[in-house]
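It should be emphasised that the depicted structure is a prediction, and the values quoted were computed from it without experimental measurement. Order of the sequence lines fixes the chain letters, A, B, ..., with proteins taken first and strands second; residue numbering starts at 1 for each chain.
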Amino acid sequence: MPPMSKAYNPADHESRIWQKWIDANAFHANPDRVLNGEARPYCVLIPPPNVTAALHLGHALNNSIQDILVRAHRMMGYETLWMPGTDHAGIATQTMVDKRLKDQGKDGIAEYKRKELDGGNGREEFIGLVQDFKDEFEARITHQLQTMGCSCDWDRQRFTMDDICARAVREAFFRLFKDGLIYRGKRLVNWDPVTQTALADDEVEMEEVDGHFYYLRYPLVKEIEGDPTIPVTWGELATRGYPEAETHPEDEQAWVTVATTRPETYMGDTAVAVNPKDPRAGAVRGLHVMLPIVGRVIPIIEDDYVVLPVKYGGEPGDAKAEMSTGFLKVTPAHDPNDYMIGQRHNLDTINIMAPDASISDQHGWDREARGEDGHVFIGKSREEARKLVIQEFNARSVAEGSEGSLLEKMVPHRHSVGHSYRSHVPVEPYLSDQWYCKVTDDKLRGNAQRALLPEQRTEQSIKDWPESRPKMQTKGSTDGTMTFYPSRYAKTYETWHDNLRDWCISRQLWWGHRIPVWSNSHNPGKALDDFLQDWEDSLGQAWEQVEDSGKIAATETLPEGAIFVCVRDEHDTAIVSALENAGFRRDPDVLDTWFSSALWPLSTMGWPDASAAKDSSGIEDFESLLAAFNPTSVLTTAREIITLWVSRMTMFNRYFLGEEHAGKAPFKDVFIHAMIQDGEGRKMSKTLGNGVDPLDIIDSHGADAMRFTLCQMTTQTQDVRMPVELDESTGKNTSPKFDLGRNLCNKLWNASKFALGMFEKAELKAGIPINPEELSLIDRWMLSRVTHATNKVNTALRNYMFKDYADAIYDLFWRDFCDWYLESIKPTIADSPEQAAVLRNVIDAILRLMHPVMPFITETLFERFEPLPMREIEGFSIEVTQSNATLCQSGWPTPADELRDEVAEEAYERVRSLVTTIREVRATAQVKPKRQIVLHAGGELAADIARWSPLVETLAGVEAITADEPEGQSASFTFEGSEYRLSNLADALDAGAERDRLEKELATLEKSIAGINGRLSNPGYVDKAPAHLVEQTRAQLAQLEKDHAATQAALEKLG
RNA sequence: GGGCGAGUAGCUCAGUUGGCUAGAGCGUUCGCCUUACACGCGAAAUGUCGUGGGUUCGAGUCCCUCCUCGCCUACCA
């Protein structure tokens, strides 16, 4: 092997080591070993990254964490599967490709939509482009993960739209459809007018927006002799008992004022509502209002949904009561609450917008509803229409000649508005037909709730969703097995389900899993029976027969008599062509991306047809995967995914794997990691330019350094901050935090180099096992520290405490091993084969403990150490789990508890304390580092020091230890309550500095003594505190007083 | 409005069930190229633990009040 470089240079090793792992097939999981009982399973599913962009630092953190868990368990002997893959990310990817085309000066998807409308295959062509885009980014993401060292089972990599995943989607859709858990509904959806698709509730982001309350006046009218437009005057209102009507001119037309933030929807109003308890309600009962400009007359209705204004009994402090007028404009087609009012009162629903949210008379707002003057708004965008409505209202008054404008006032108002998480424009509540998944059904939502560990559930939730079959009674129950880390996220999960609404799963996109439903709804002229007859004729089989065979399922829910047919098998061309021959058409929409993501634990494992998955992938053991690895061990993900993804995977896994009872949750644990923010606590984002690219960090610091730093930052809080700096030399963002990891790697490299150098002097030999009790103090101490650290590491990993893991190995390696052990053994190791054996064993254990987080450097070093003979130390041996050819397949340290040596730790603690004290004296007395000094120690210490002397001499720069009194000048220090002296510190000592040092020490001691005295003189403490604590305090006081006396004596001697 | 998290050294963060003089890394100061490492070694300085109360012999830790920041969630009258 070539000599080791002076500093660790990651780029020299990382790609070679990666290739070594791949060649060794080290990351391949063998499910049959699990099924045969040879090994316990450990499985992690990667949260599939979107193929829309390269991975960012958050991904780096998430995947580092997963790799740490996976590598540790692989070394521990678990059969370990980390399943990689990517997500097709419907809207996001389609938008990216559209944008790319436009950036190239083309028309984007619009061009392909035209082609499709003209009978061409625009849809297919566009999907081809998206496919290319996906291939590009999938390759990039894969490369990034591999560069980071992620030990995924790369042969099994999946994509949410590949054949195997597609089969799962098809089957899942079919079963839910057949079971009545997927249905078609016409209702207001969250509509993204830019991408022109429906969105699920959780794809809508609330953003604060500066808007206004607009107060609009609607003139009151009534019907006389068939003319519904006769003005109602204030005088008439006064007669009817309308409060304060008399404050207006008697003969002028009266109005009601509505408050709105969205005046542009007023053309779609179909009523004005008032609370029946409102004192004005009776006066306006039976009256109508006439919508200005469009001239349409709409009724005034009464509904107690309307909030009373404070003036008329509304709750002061309630924002709505404060702002409202008591009259509510009702626009059922453009507001969810109004839609419900509309349903209650049988109101018309007038949609005034095109799918791009421009005002249109082609989608429900016809000429009749529009009136003569409404045309001015047509074609305007939402924003333009708002301005125009306000302008028009402002320019007019209720009736010609009356005072004041139709726009009574405008009040600035900041409120949050739903925006598309993809296009970032406000979503439009839009009436349309969509497919819904009935997640509120107990079989889905209820079982998701019941999946939680009972200790993490709230009482209310257990009451609302009791365990279907309490474990005590039924063995088969799989409730209560999923645990969140940190536990507080269980609450987020529960609350999400509490407020759940049915999930809109159709998207008006091209990139995605196309909905496998054919219908005749586009052809209402043809009778249903004729459709069915044609279909039977074409297929040559009776409908009932095919349905009973499970190949199709159908619903007939709509009043129009349309029938929706779901075809189970994508390859069932006979059925499909029969449907199409009969005049059925396939639904043009695709499924929400999360529908396929929700199936990830199933689809990646070959569900529903593992033998088909085997055939299409060529992976022989596909059929064993599901049984071996579902449920998986842990899902590692970010906060915002709890709702979007965790819940849905849980619902689907339990539903589809259920038989008599609900199936198992897809994972035992869910770990939610912190979110990385920049130094100012902001999200990292492209627009802010504060993002850090993991590959840049790997270039500058190495993959291990990045991984260690991220691991070390991963505390149990919800955010962590990473100060971002621009590296002037490269023009790239970086962070000084990563120096921590780089420095650690370099230290590890050099300590290893040093150890290897020692092994050239001290011969390593195999031999009979060493009894640790016969080892020297420092060796026993080091073995004890390794044992201690191993326990800490195991506990930390078990509880997903990644910072604790990082700190444990850092302290073990740097503080214990480098600072003390290596320094201590320098003078003795050359002559002690036993000590050399200990060093060999200890460094081996350290490399293993560090490997999960720093795989490249530890594997590189392992290559150098592995060939060296390793003499066994009793209780310290490591069982190889797969092969010693690579560290990552080798074993994990399992030191016996007996190696925890309290006596050695205590004794060495005294050595360290003495050494530190002497170093302090040296530093304050400005002793040159190379100068060897003399320690004068008699009495009790002398005996101990005799045993420790090589340690003290080496570590404290002492050339001799003597019981004699110093002859010339000397400095004094106190140790364990006695005074000792150091001499030969310098050619001439500075007595003043010596006095200062002693006086300062005296002051510190006095302060401590005063504090402890105070505590002991408090009778409450002595009486009530535990006896051992009081005893401890007394001992401490005694020690301090001895120290004080000794220091005092030294000071007096100084004269 | 509801929920959650954070506020500890100049910066980034630890601090498990209350109990030795509140810790680490970075940064700062001083001294060192001590035969692995200057990406290093030795030493030092730096804290009213957000505010104000309470419980307790004892509070960074438990309870209450308030302030600041962040996230999630519900509100587009």
- Item | Atom pair distance, as rounded to whole Å: NZ in A/Lys6 and P in B/A36 | 9 Å
- Message: Categorize A/Thr717 for me: base, sugar-phosphate, or nothing, with a 4.0 angstrom heavy-atom threshold over every strand shown.
- Response: sugar-phosphate
- Message: Can you tell me how the ring of A/Phe865 sits relative to the ring of A/Phe759, calling it parallel under 30°, perpendicular over 60° and tilted otherwise?
- Response: perpendicular
- Task: Could you give the distance separating B/A59 and B/C20 at their C1' atoms, to the nearest angstrom?
- Result: 16 Å
- Message: Distance check needed: B/G70 C1' versus A/Met675 CE, whole Å only.
- Response: 9 Å
- Query: How is A/Arg488 classified with respect to the nucleic acid when contacts are heavy atoms under 4.0 Å: base, sugar-phosphate, or nothing?
  - Reply: sugar-phosphate
- Starting at CZ of A/Arg721 and ending at P of B/C11, how long is that distance when rounded to a whole Å? 11 Å
- Query: Between atom CD1 in A/Ile829 and atom C1' in B/U35, what is the gap in whole Å?
  - Reply: 15 Å
- Query: Which nucleotide in the list B/C32, B/A36, B/A6 gets nearest to the side chain of A/Ala751?
  - Reply: B/A36
- Item | Nearest-Å distance for atom pair CG/C1', residues A/Asp719 and B/C72 | 11 Å
- Task: State the pairing partner of B/G58; accept Watson-Crick or G-U wobble contacts with both distances under 3.5 Å, and report none otherwise.
- Result: none
- Expressed as a whole number of Å, how far does the C1' atom of B/A22 sit from that of B/U46? 13 Å
- Task: For A/Glu264, report the nucleic acid contact type (base, sugar-phosphate, nothing); a contact means any heavy atom under 4.0 Å.
- Result: nothing
- Could you tell me whether the phosphate oxygens of B/U21, OP1 or OP2, come under 4.0 Å of any side-chain nitrogen or oxygen in A/Ser1008? no
- Task: Anything under 30° is parallel, anything over 60° is perpendicular, the rest tilted; go ahead and classify A/Tyr266 against A/Phe393.
- Result: perpendicular
- Query: Given B/C39, B/U21, B/G25, which nucleotide is nearest the side-chain atoms of A/Arg1015?
  - Reply: B/U21
- Message: Quick test of your reading of the model: are A/Glu264 and A/Arg382 salt-bridged, counting only N-O distances below 4.0 Å?
- Response: no
- Donor-acceptor pair (no angle test) under 3.5 Å: A/Lys747 side chain, B/C39 base: no
- Think A/Lys737 has a side-chain N or O under 4.0 angstrom from the OP1 or OP2 of B/U12? no
- Task: Consider the side chain of A/Pro929, meaning its heavy atoms from C-beta on, and name the nucleotide among B/C41, B/G31, B/G5 that approaches it most closely.
- Result: B/G31
- Note on the structure: Partner of B/C26 under the Watson-Crick or G-U wobble criteria, both distances under 3.5 Å, comes out as B/G10
- Note on the structure: Of the candidates B/A36, B/A14, B/C4, the side chain of A/Lys753 sits closest to B/A36
- Task: Write down the distance separating the C1' atoms in B/G2 and B/A14, rounded off to the nearest Å.
- Result: 31 Å
- Taking atom C1' in both B/G7 and B/C13, what distance in whole Å separates the two? 12 Å
- Query: Base, sugar-phosphate, or nothing for A/Tyr810, non-hydrogen atoms under 4.0 angstrom?
  - Reply: sugar-phosphate
- Query: How far apart are the C-alpha atoms of A/Glu725 and A/Lys737, what are their side-chain angles, what is the distance that settles it, and do they pass the salt bridge (charged side-chain N to carboxylate O under 4.0 Å, His left out) test?
  - Reply: CA-CA 10 Å; A/Glu725 287 176 5; A/Lys737 289 215 109 186; over 6 Å; no
- Please test A/Asn9 against A/Asp12 for side-chain hydrogen bond (donor to acceptor under 3.5 Å, both in side chains), starting from the C-alpha separation and ending with a verdict. CA-CA 6 Å; A/Asn9 181 13; A/Asp12 294 346; 3.1 Å; yes
- Could you pick out which residue, A/Pro736 or A/Asp804, lies toward the 5' side of RNA chain B when each is mapped onto its nearest nucleotide? A/Asp804
- Task: Describe the nucleic acid contact of A/Pro1026 in one word from base, sugar-phosphate, nothing, applying a heavy-atom distance below 4.0 Å.
- Result: base
- What is the distance from CZ of A/Arg922 to C1' of B/C32, rounded to the nearest Å? 11 Å
- Note on the structure: Under a 3.5 Å limit on both distances, the Watson-Crick or wobble mate of B/G40 is B/C32
- Item | P-based separation of B/A44 from B/G18 [nearest Å] | 33 Å
- Query: Between A/Tyr800 and A/His673, does the ring centroid distance fall short of 6.0 Å?
  - Reply: no
- Residue A/Arg815, side-chain atoms from C-beta onward, closest of B/U21, B/C39, B/A24: B/A24
- What nucleotide, of B/U34, B/A14, B/A36, holds the atom closest to the side chain of A/Lys803? B/A14
- Message: If the threshold is 4.0 Å, N to carboxylate O, is there a salt bridge linking A/Arg386 and A/Glu383?
- Response: no
- Query: Looking only at atom P, what distance separates B/G42 and B/G5, rounded to whole Å?
  - Reply: 40 Å
- Task: Determine the contact category for A/Leu740: base if any of its heavy atoms lies under 4.0 Å from a base atom, sugar-phosphate if only primed atoms, P, OP1 or OP2 are that close, otherwise nothing.
- Result: sugar-phosphate
- Message: As a quick check of understanding, evaluate salt bridge (charged side-chain N to carboxylate O under 4.0 Å, His left out) for A/Asp819 and A/Arg815, giving each step before the final call.
- Response: CA-CA 5 Å; A/Asp819 287 354; A/Arg815 303 276 83 97; 2.9 Å; yes
- OP1 or OP2 of B/U12 under 4.0 Å from side-chain N/O of A/Thr709: no
- Query: OP1 or OP2 of B/G40 sitting under 4.0 Å from any side-chain N/O of A/Trp749?
  - Reply: no
- Item | Whole angstrom value for the distance that separates P of B/A6 from CD of A/Gln677 | 13 Å
- Item | Residue A/Lys928, side-chain atoms from C-beta onward, closest of B/C32, B/C71, B/A36 | B/C32
- Counting heavy atoms from C-beta on, name the nucleotide in B/C37, B/A36, B/U34 closest to the side chain of A/Asn746. B/C37
- Task: Give one of base, sugar-phosphate or nothing for A/Val427, where a contact means two heavy atoms less than 4.0 Å apart.
- Result: base
- Task: State which of B/A43, B/G19, B/G42 makes the closest approach to the side chain of A/Tyr1021.
- Result: B/G19
- Message: Need one value for A/Tyr305: base, sugar-phosphate or nothing, where a base atom within 4.0 Å counts as base even if backbone is also close, heavy atoms only.
- Response: base
- Who pairs with B/C69 - Watson-Crick or G-U, where each distance is under 3.5 Å: B/G5
- Query: Can you tell me how far P in B/C67 sits from the matching atom in B/G52, rounded to whole Å?
  - Reply: 15 Å
- Contact class for A/Lys329 vs. all strands (heavy atom < 4.0 Å): base, sugar-phosphate, or nothing? nothing
- Message: Evaluate A/Thr974 against A/Glu1001 for side-chain hydrogen bond (donor to acceptor under 3.5 Å, both in side chains), listing each step before the verdict.
- Response: CA-CA 10 Å; A/Thr974 39; A/Glu1001 200 177 316; 3.1 Å; yes
- Message: Classify A/Gln712 by what it touches in the nucleic acid, base, sugar-phosphate, or nothing, heavy-atom distance under 4.0 Å.
- Response: nothing
- Considering only heavy side-chain atoms of A/Ala1025, the closest of B/G19, B/C37, B/A43 is B/G19
- Item | Distance below 4.0 Å between A/Arg864 side-chain N/O and B/A36 OP1 or OP2 | no
- Note on the structure: Of A/Val1022 and A/Lys761, the one whose nearest nucleotide on RNA chain B sits closer to the 5' end is A/Lys761
- Message: Suppose you measure atom C1' in B/G70 against the same atom in B/G31; what distance do you get, rounded to whole Å?
- Response: 44 Å
- Here the distance between atom P of B/G58 and atom CD of A/Gln1036, to the nearest Å, is 19 Å
- Message: Is there, by distance only and without an angle test, a donor paired with an acceptor across the side chain of A/Glu823 and the base of B/A36 below 3.5 Å?
- Response: yes
